[in-house]
2 protein chains.
Amino acid sequence: MHSLVEENYLKALFALSKDKGSVSVNDLSKHLNIKMPTVTNMMKKMAFKKLVYYESYKPLILTKKGKKEAALIIRKHRLTEMYLVEKMGFGWEEVHNIAEQIEHIKSPKLFAKMAELLDYPKFDPHGAPIPDINGEMEWKAYSKLSECKPDDMVKIAAVINTTDEFLKFLNRREIHLGLKIKIKSVEPFDNSMVVKYKNHLEETLSNTVCKRLLVEKF
Amino acid sequence: MHSLVEENYLKALFALSKDKGSVSVNDLSKHLNIKMPTVTNMMKKMAFKKLVYYESYKPLILTKKGKKEAALIIRKHRLTEMYLVEKMGFGWEEVHNIAEQIEHIKSPKLFAKMAELLDYPKFDPHGAPIPDINGEMEWKAYSKLSECKPDDMVKIAAVINTTDEFLKFLNRREIHLGLKIKIKSVEPFDNSMVVKYKNHLEETLSNTVCKRLLVEKF
DNA sequence: CTAATTTGTTAGTTAAGACTAACTTAATAC
DNA sequence: GTATTAAGTTAGTCTTAACTAACAAATTAG
Ligand SMILES: [Mn+2]
Ligand SMILES: [Mn+2]
Ligand SMILES: [Mn+2]
Ligand SMILES: [Mn+2]
């Protein structure tokens, strides 16, 4: 088994390599708030464990094994978040920090039970996909709300770059997963949007907000 | 806050000082499976933090602060066990190892929620009392089944020195908390008991077993 | 009461995982 | 194409929490 520390490196590598497929020592260092020499050291250790490909001065790449183990930790994280929201009554803005700890619990049975009680959920409370027991996961082809046009009718499918503050902001605006939104207009100078939903007939959302909302058109 | 390691020392000190009120370095060392010099070192560190009274060659005594913090960890442990059994469908023999990990989670809200959902339980699945939010707890005046006499009618109130194996043994015999038992006879040479309960009309329980079962007479 | 045994302490070592300082390689700017 | 800046590595240090070996104190036995 891996230490809690290694597990957090794995998750960070996985998250950061989303697009390019590789990560720089610098990025990883910043993401984890750990100085670069410490990261270099840990990468050598994890390379020895076949979790990551490491060569001096080259980008870091997760091995197949590393990717799978990362995905399984993310599975535990997202199952936990879903469990806390669905079965214990937490708000979606409260669960990340608890899941950050519980994801390291060693008990396949606990997470199997969560999955069972939740009826094998496919998404976490923020709309992110929950990897299956083999670490397989795929993001659906969502668009960002910021890329939509006036008169588009969309449904909120996921929230990205979620901080507690951002989620509390959405709570105050009564914006949640599954919400149907109509785009009334887009301000050309700051790309903010005026949208309509439920009993909010004219709500303005900044581009910062719109870039963090993934939507499905319908 | 304290480290996971310190928390485990606190729990061990609390558990071992049940009777005498103090613990030897040797006992603590054996209980935690940690060599004596390591324990001595840790006691000095915890004495500095005012968790334990420590003087060379004297028995270890928890401070009021140490006792309270230990009790609050035990509260988290027992709430978790109760939650796993009552809300997630685990057997009483499956929950200890999970609780051993979850007791270290830093989230007052998680445990507040468990307590609320369980309707502020007073006992864990093994009959042990759950300390309140101030770390207060008291064992009721139970007797050991081994100390009962023929023809006594008793109710199983708690199980002590619980190992998974012992609990599985009780499962096979259909012995559980709340079960009403009649003592038919006691074998004088090995103190084993012949008892009657439910549809078990003549079950023999060894003294080892009877010493681990706490009962209420009625 | 002394001897043997058990218990406890001191000193020194180790591994994990962090850090800083100094140096090297790679990337970017001019 | 050299100079500057940014990124990455090496070497050495620190803290936590473990260990062993050696010694000292306390307890128990005869
Ligand atoms: Mn999360
Ligand atoms: Mn984590
Ligand atoms: Mn337990
Ligand atoms: Mn524990």
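No hydrogens, no waters, no symmetry mates; every other heavy atom, side chains included, goes into these values. Each chain gets a letter, A, B and so on, in the order its sequence line appears, and its residues count up from 1.
The CE-C1' distance, from A/M36 to D/dT9, rounds to 8 Å in whole Å. Atom C1' of nucleotide D/dT16 and atom OH of B/Y9 are separated by 11 Å, given to the nearest angstrom. Here the P atom of nucleotide D/dT16 and the CD atom of B/E7 are 16 Å apart, to the nearest Å. Rounded to a whole Å, the CG atom of B/L28 is 14 Å from the C1' atom of C/dT7. Note: CG (A/N26) to P (D/dT5) measures 17 Å, nearest angstrom. Per the geometry, CD1 belonging to A/I34 stands 16 Å off C1' belonging to C/dT20, to the nearest Å. In this entry the distance linking CG of B/L32 with P of D/dA18 reads 8 Å, nearest Å. If you take CE of A/M42 and P of D/dT10, they are 16 Å apart, rounded to a whole angstrom.
Within residues 53-61 of chain A, the residues having any heavy atom under 4.0 Å from DNA chain D are, by residue number, A/Y54, A/S56, A/Y57.
Side-chain atoms of A/N41 lie closest to C/dC19 of the nucleotides D/dG8, D/dC19, C/dC19. Distances from the side chain of B/V5 to the nucleotides D/dA18, D/dT9, C/dT9 place D/dA18 closest. Considering only the side chain of A/K30, D/dA7 comes nearest among D/dA7, C/dT20, C/dT9. Side-chain atoms of A/K35 lie closest to C/dT20 of the nucleotides D/dT10, D/dT9, C/dT20.
Here the shortest heavy-atom pairing between B/Y142 and B/A157 reads CE2-CB, 3.3 Å.
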For the pair A/S192 and A/D190, evaluate side-chain hydrogen bond (donor to acceptor under 3.5 Å, both in side chains) and give the outcome as yes or no after the intermediate values.
-> CA-CA 5 Å; A/S192 65; A/D190 70 348; 2.9 Å; yes

Evaluation steps, side-chain hydrogen bond (donor to acceptor under 3.5 Å, both in side chains), between A/N171 and A/W92 = CA-CA 9 Å; A/N171 285 346; A/W92 67 348; 2.9 Å; yes

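Residues passing the ring pair (Phe, Tyr, Trp, His ring centres under 6.0 Å) test with B/H126: none are found, sequence neighbours excluded. Under the rule for a ring pair (Phe, Tyr, Trp, His ring centres under 6.0 Å), the partners of B/H96 that lie at least two apart in sequence or sit in another chain are B/H77.
Looking at B/L205 and B/I175, their side chains come closer than 4.5 Å, going by heavy atoms from C-beta outward.
B/S3 comes within 4.0 angstrom of sugar-phosphate atoms only, judged by non-hydrogen atoms across all strands, and of no base.
Between A/E6 and A/P37, the residue whose closest nucleotide on DNA chain C is further toward the 5' end is A/E6.
In this structure, B/R212 satisfies the cation-pi test against B/F166, with its NZ or CZ atom closer than 6.0 Å to the six-membered ring centre and inside 45 degrees of the ring normal.
Remark: A/S24 is not in phosphate contact with D/dA7, judged by side-chain N or O atoms under 4.0 Å from OP1 or OP2. A close approach under 4.0 Å does occur between a side-chain nitrogen or oxygen of B/T38 and OP1 or OP2 of D/dC19.
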